[in-house]
There are 2 protein chains.
Amino acid sequence: MERRQPRLKELSRELGLSITTVSRALAGYSDVSATTRERVREAAARSGYVPNRAGRALKSGQTGFVGLVVPVRDAQFIDAFLGEFVMGLGEALAEAGRDLALTTATRRQEEMDVLAHVVNAGQVDGMVVSRATCADPRVGYLLDRGVPFVLHGRVLEETRPHAWLDTDGAAAFGEAARRLVALGHRRFGLLTFSDPMTFAHYRRAGLEAALAEAGLALAPEAMAAAPRADPAALRAAAGRLLDAPERPSAILCATDTLAITLMEEAARRSLAIPRDLSVVGFDNLPVSSYASPGLTTFDARIQECGVAVARMLLAVIENGPAAVEPKLVAADFIPRASHGPAPG
Amino acid sequence: MERRQPRLKELSRELGLSITTVSRALAGYSDVSATTRERVREAAARSGYVPNRAGRALKSGQTGFVGLVVPVRDAQFIDAFLGEFVMGLGEALAEAGRDLALTTATRRQEEMDVLAHVVNAGQVDGMVVSRATCADPRVGYLLDRGVPFVLHGRVLEETRPHAWLDTDGAAAFGEAARRLVALGHRRFGLLTFSDPMTFAHYRRAGLEAALAEAGLALAPEAMAAAPRADPAALRAAAGRLLDAPERPSAILCATDTLAITLMEEAARRSLAIPRDLSVVGFDNLPVSSYASPGLTTFDARIQECGVAVARMLLAVIENGPAAVEPKLVAADFIPRASHGPAPG
DNA sequence: CTCGCGATCCGAAACGTTTTGGATCGATAG
DNA sequence: CTATCGATCCAAAACGTTTCGGATCGCGAG
């Protein structure tokens, strides 16, 4: 039953035409007559001919793939996003007839090696670089070899211009701070990651800027951080904030998972939310609407980001890096029951 | 700065060797001397040489990619799994030096066309077929053209043998039924999908078999179903179960999302869970542990399934379809607070 | 009648790799 | 001395596609 797929050679023999003509007919060139073109197209459709990717890639240099490297190590962190983001990427790529080449890096340290391998094997036309760190080495690497890419997130100091798309975490946390100040809060806390993720930096910066505007400040002991991959340390960090002598009345958390951890620790200490403590997260994970109380958070519309990143990358591949402007997209405030007026 | 990647030609010229020798040295053939082999390997590592995927694919017929087609339409359904499953696939593929080629089908109807396109373009060495339906047309299609594949899920009637891996939903729902019977429940209900998904069939069959063993049966009006992609209809179906004259005291739901919907509808009707009604789901989504009360469910360990499916597929690619046995894996019962003794 | 031109078509090269079938050379066996 | 053999190496073909530079033919202009 095993039917081999017809290739240009078989197709041309069957039609009594040359390989060249069949190829050009399918590509729609004007130097093949309209009747021949139709005849070729009809035969191709009937036999289910699809140009071989490898052959085309070899000649044209375009593989039809866009690469994404995802680290498999800290699954608990990325899982929640990956699905949505990949869906967005795939949706936009499908429109352009491209596919996503997904490579997993089994350890964090390998991520750079894996990227180099993918790029050097020429298996992609461009890369999506996700989860940007403050001084992400991948940016320089890709710029150096002229590989089209779009960074999802931002680098702290953009020494050489490149395409990126990031959610405006600074604006979001600024907004959250102003809303909480308006509700009477004066003592703020921040629970965040100690890893050099750029988003954590900007969320903190946005919070501090808004507090400064209100004449407030984030006390050093009101900020707790721990490595993303260390749940126990994160739990401890949350506890530290709650056990501080001058416990904050409002705590912003860099992500929803942190906020959930914080709420669990608060429950263990019999603190009522939002009566004793207001909590705000970020990401709008499905979990956050089912937590009790429902978690106030921000929605970054990850799937739309995926679509936008893919479109940007296609533009870079098509027209060069200068063709696209970096994008900063706003996150939507999702008020739920975990924040309220300041106690007292 | 744009450095072009060295190819076999440049590398061989630089070393004063032929392309053949360099290629064979890197492949580890014994007909190149140990000293030359080392010299070549050192030079390749230094210059960052990686064989071009397209060139290799063209000659050897192996692309190094394994394909997965995901429909982007019903994102709300697949999102929860996709991340975990893909992680598992990627993890196992990375060990074998392969990558995942992810293609999105923008509409449900297109899924078959997309599959044909991927296969006919020769862009993959094998396919992972996910979300099996009762009489899935993809199985016959792939068998016909001798494309290696593994089905995640099962087909109802396996007319021609092929590799598949499925979670034993029948056993799981049987276990749930027996536990609930032991807790005094006699009136059972089932909330499921009306789509022809195989998993829904088996979960129902497992429930009915266990009930029959206990001398019970599922009343026709105690089963409600609606299309997966229609949240309103699903909500209505849940309501129908709750409003039935002889309301079940225990309702099994084909998935956690259905169970969550049911619990929301129950809350609107002021039914207390588990006092008035026991609810059991399936999937162990993150959400299920944060619902109140926590949802009793089954964990299918999706990531491990991804790993196993990938390993099976690699074996099929390597040694032919006869080399692997289908696998039925058990799901773990995760007892939480949503089930309890029968009322009265 | 010859020339040039537009409309169609095609041969051959090239992309980078792997593999087949030798070629070369020094040493060993007869 | 010649034949054989093992150890090393290499030229060339092939995978399927795209594209460059023609080739062919009929027809109208000169």
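Throughout, a chain's letter reflects where its sequence line sits, starting with A, and its residues are numbered from 1. FYI, side chains are in, hydrogens and waters are out, and symmetry mates aren't considered; it's all heavy atoms of this structure.
- Taking only side-chain nitrogens and oxygens, A:Thr21 comes nearer than 4.0 Å to OP1 or OP2 of C:dC10.
- Judged by distance alone, with hydrogens and angles left aside, the side-chain atoms of A:Thr36 form no donor-acceptor pair with the main-chain N or O of A:Val32 at under 3.5 Å.
- For A:Arg7, taking side-chain heavy atoms from C-beta onward, the closest of the listed nucleotides C:dC9, C:dT17, D:dT17 is D:dT17.
- Checked against B:His152 for a ring pair (Phe, Tyr, Trp, His ring centres under 6.0 Å), the options B:Phe85, B:Phe199, B:Trp164 give a single hit: B:Phe85.
- Residue-level contact check: A:Thr36 touches the backbone only, with heavy atoms under 4.0 Å from sugar-phosphate atoms and none from bases.
- Of the side-chain N and O atoms in A:Tyr29, none sit less than 4.0 angstrom from OP1 or OP2 of D:dT18.
- Using a 4.0 Å heavy-atom cutoff across all strands shown, A:Leu17 reaches sugar-phosphate atoms only and no base atom.
- A:Arg37 has no carboxylate O lying under 4.0 Å from a charged side-chain N of A:Asp31, or vice versa, which leaves the two without a salt bridge.
- Following rounding to the nearest Å, B:Leu58 (CG) and C:dT19 (C1') show an atom-to-atom distance of 14 Å.
- In this structure, CD of A:Gln62 is placed 11 Å from P of D:dT19, rounded to the nearest angstrom.
- We find that CZ of B:Arg37 is positioned 12 Å from C1' of D:dT8, with the value rounded to whole Å.
- Atom pair B:Ile19:CD1 and D:dA13:C1' shows a separation of 13 Å (rounding to whole Å applied).
- If you find the closest nucleotide of DNA chain D to A:Asp31 and to A:Lys9, the one lying nearer the 5' end belongs to A:Lys9.
- If you check every strand for non-hydrogen atoms under 4.0 Å, B:Asn52 touches sugar and phosphate atoms only.
- In this model, the phosphate group of C:dC9 is not approached by any side-chain N or O of A:Thr20 to a distance below 4.0 Å at OP1 or OP2.
- When the side-chain nitrogen and oxygen atoms of B:Arg56 are compared with OP1 and OP2 of C:dT18, one or more of them lie within a distance under 4.0 Å.
- In terms of position along DNA chain C, the nucleotide closest to B:Val50 lies nearer the 5' end than the nucleotide closest to the other residue of the pair B:Arg24 and B:Val50.
- Taking atom CG of residue B:Leu8 and atom P of nucleotide D:dC15, one finds them 20 Å apart after rounding to whole Å.
- The phosphate of D:dG16 (OP1 or OP2) has no side-chain N or O of A:Tyr49 nearer than 4.0 angstrom.
- No salt bridge links B:Arg301 with B:Glu84; every basic N to acidic carboxylate O contact stays at or beyond 4.0 Å.
- The cationic group of B:Arg53 does not satisfy the cation-pi geometry with A:Phe65, failing either the under 6.0 Å distance to the six-membered ring centre or the 45° limit from the ring axis.
- The interatomic distance linking A:Asn120 (CG) with C:dG16 (P) rounds to 14 Å, in whole Å.
- Between the CZ atom of B:Arg53 and the P atom of C:dT18 there is a distance of 12 Å, given to the nearest Å.
- Nearest-nucleotide mapping onto DNA chain D: of B:Ser33 and A:Pro51, the residue sitting toward the 5' end is B:Ser33.
- Comparing C:dT18, D:dT18, D:dC9 by their nearest atom to the side chain of A:Lys59 picks out D:dT18.
- Side chain of A:Glu10 to main chain of A:Arg7: a donor-acceptor pair is present (N/O by atom type, distance under 3.5 Å, no hydrogens or angles).
- Phosphate contact (OP1/OP2 of C:dT18, side-chain N/O of B:Ser23, threshold under 4.0 Å): present.
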